[in-house]
Amino acid sequence: MKQRPAVGIDLGTTNSEIAAFWGDRVQILKSGQASMLPSCVGMTPEGQLMIGQPARNQLLLYPERTVRSIKRKMGSQEQVSLGEQSFSPQEISALILKELANWGCSQLGQPVTQAVITVPAYFSDAQRQATREAGALAGLEVLRILNEPTAASLAYGFGHSGRQTTLIYDLGGGTFDVSIVNFEGEITEVLASHGNNQLGGDDFDELVLERLLEEFQKQHGVDLRQGQPKAMARLRWAAEEAKKQLSTQPFAQIREEALLQVKGKPIHLQMELGRDDFESMIRPLLDSTLASVSKALEGANLRASDLDAVLLVGGSTRIPLVSQLLLTSTGLAPRQEIDPDLAVALGAGVLASRLDGRDVGRVLVDVCPYSFGTSHLGLREGYPYLHCYKAILPRNTPLPLTRSEAFCTASPNQKAVSIEVFQGEDEDALKNVLIGEFRVEGLQPTEGPNLVVCRMSLDLDGILEVTATEKETGLSKQIFIQGAARQMSDQDIASARKRLQLLHQGPEFEWEEEEEEELEEAPTEPAYQQALELVLRLAQLQPRLHPDDAGEAEELRQRIDRAVKERNLDGLQAASHELSELLFFVESTPR
Ligand code: AMP
């Protein structure tokens, strides 16, 4: 075997990565803790070149001395300037490739001279040629230019044997692509591609940024769009951070200190953004990506049922709504066990290793082997059910992993909640395995629903940490469950289920018992069911309610409660009608 290993490089719009066979598997080659190099090049006022994170950092201070998203310009004759000097897109890309090759050289302990470089499936010949040139300028022999969707499929082990068809949904920072790749023996073919090279996470950042600007203007009467480039750059960064937080938690707190001085006094931005709110902002953009998925399937003359897998690629696919929408539209649970930022580079690394003569099947990763979640009161098949299951840590997600979800208390002035931790995939919590439970006492009594955030973390040693926090007060309680990721035997499962049933009859679950009785006795008449749906909808919309509406909504909720208890059907229908109108008004009011 030759001495110098070939590497795989994903030259991305926002970030770039390098992978190679290292140790016993194909891995990402890092620089310190960093596995991604921001695709940014900058020049300091003193004329010093900066590549990657330092350049990304100076973007805030010197936007005119920093180049980002150069991939969009590959294949064009356009020059970009860094301060007083100008460069071709190939030259800027070469600087990024060279930096990655240096990362590789440090980790592998030998120079990196040969690479497989990936490009989007839709790249024209001119764009592919420009990428080759960038490789040559960086001193690399470009062994192959590989299509990104093909690379992602290779990382997942497709294309190793048999006939398989994959759909790759790639939503990055600045581009969206969906491709259908067919593997048959030695032949790999991109059957169809569709997308929008002007759509990505940056657009989501812009939507959040607009919300922050509106809020700042509302709080301080200042429009930062006018002549405040530094404050704008800081807010853009804060918008992206908030967006990322919302992929793993239900709310993001945004606090930017001293954005501006007014009459010598610093003014700050402080606000909260909820995931629901964020999801409705980006929903039209995600709907447009689903239309592209349909077009790609049409173009390949296939139906969703012909696919073997849906694979997620690109940092923006971490947004949970992306998987949810794809599951609904294709019927396949999208796979994301390989870090979506790294899948393309890893796949390029797989091909590079094969070209080096290694028989590499797929990339090996540590993943969450089951879903972990909790039970809650909700609707199941249209009926109220006390043991609905909400998976908080989804199965097959890379470890370590932390996610949180918010839940509402179900009754007024509720002072305690019980958190039951389950392992499994069934939407009925009782069909999953109870692996732990605890109770949070001393909640502040509230008339309306009180939010409790449940956070779960699973580390590489299989230790599951579960924390429940009352959002308003920060009151919290935590448990650790050892060996959560280990496979349960049938006997374990049976005894866990039995224990759960016993617990539900035990005295410490009095509160749930009461709720359960109430629910079990609740009439199944459509009016009662509609009322319950409205109350659940109200709980979800609670954070968006104006204080005046919140008062009215609470009154209506109490009227519904009374009507249910008194079996007063007319009263119930009248209150439900009013609540439904109020909710409709809230939902259709721009936020
Ligand atoms: P890529 O071009 O594939 O490197 O993707 C970069 C994009 O992914 C940027 O817009 C990031 O803001 C976005 N991104 C990264 N992590 C997350 C996350 N956890 N949630 C949402 N978007 C993310």
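Atoms within each ligand, like the ligands themselves, are counted from 1 in listed order.
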Undergrad: Working to the nearest 0.5 Å, report the span between CG of Asp339 and CE of Met36.
TA: 7.0 Å
Undergrad: Tell me whether the count of non-hydrogen atoms from other residues, nucleotides or ligands lying under 6.0 Å of CD in Glu64 goes above 12.
TA: yes
Undergrad: Let me know which protein residues bring a heavy atom to under 4.0 Å of ligand 1; chain then number is fine for ordering.
TA: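 Residues Thr14, Asn15, Gly172, Gly173, Gly201, Asp202, Glu240, Lys243, Lys244, Ser247, Gly314, Gly315, Ser316, Arg318, Ile319, Asp341 each place a heavy atom under 4.0 Å from ligand 1, listed by chain and number.
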Undergrad: Could you walk me through whether Glu91 and Lys98 pass the salt bridge (charged side-chain N to carboxylate O under 4.0 Å, His left out) check?
TA: CA-CA 10 Å; Glu91 287 170 328; Lys98 185 79 201 140; over 6 Å; no
Undergrad: Kindly determine whether Thr150 and Thr188 satisfy side chain to side chain donor-acceptor pair (under 3.5 Å), including the steps that lead there.
TA: CA-CA 8 Å; Thr150 310; Thr188 303; over 6 Å; no
Undergrad: Inspect the contact between Glu298 and Lys295 and indicate whether a charged nitrogen and a carboxylate oxygen are less than 4.0 angstrom apart.
TA: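 Here Lys295 does not pair with Glu298 in a salt bridge, since their nearest N and O are not under 4.0 Å apart.
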Undergrad: Mind checking ring-ring contact (aromatic ring centres under 6.0 Å, His included) for Phe407 and listing every partner two or more places apart, or none if nothing turns up?
TA: His376
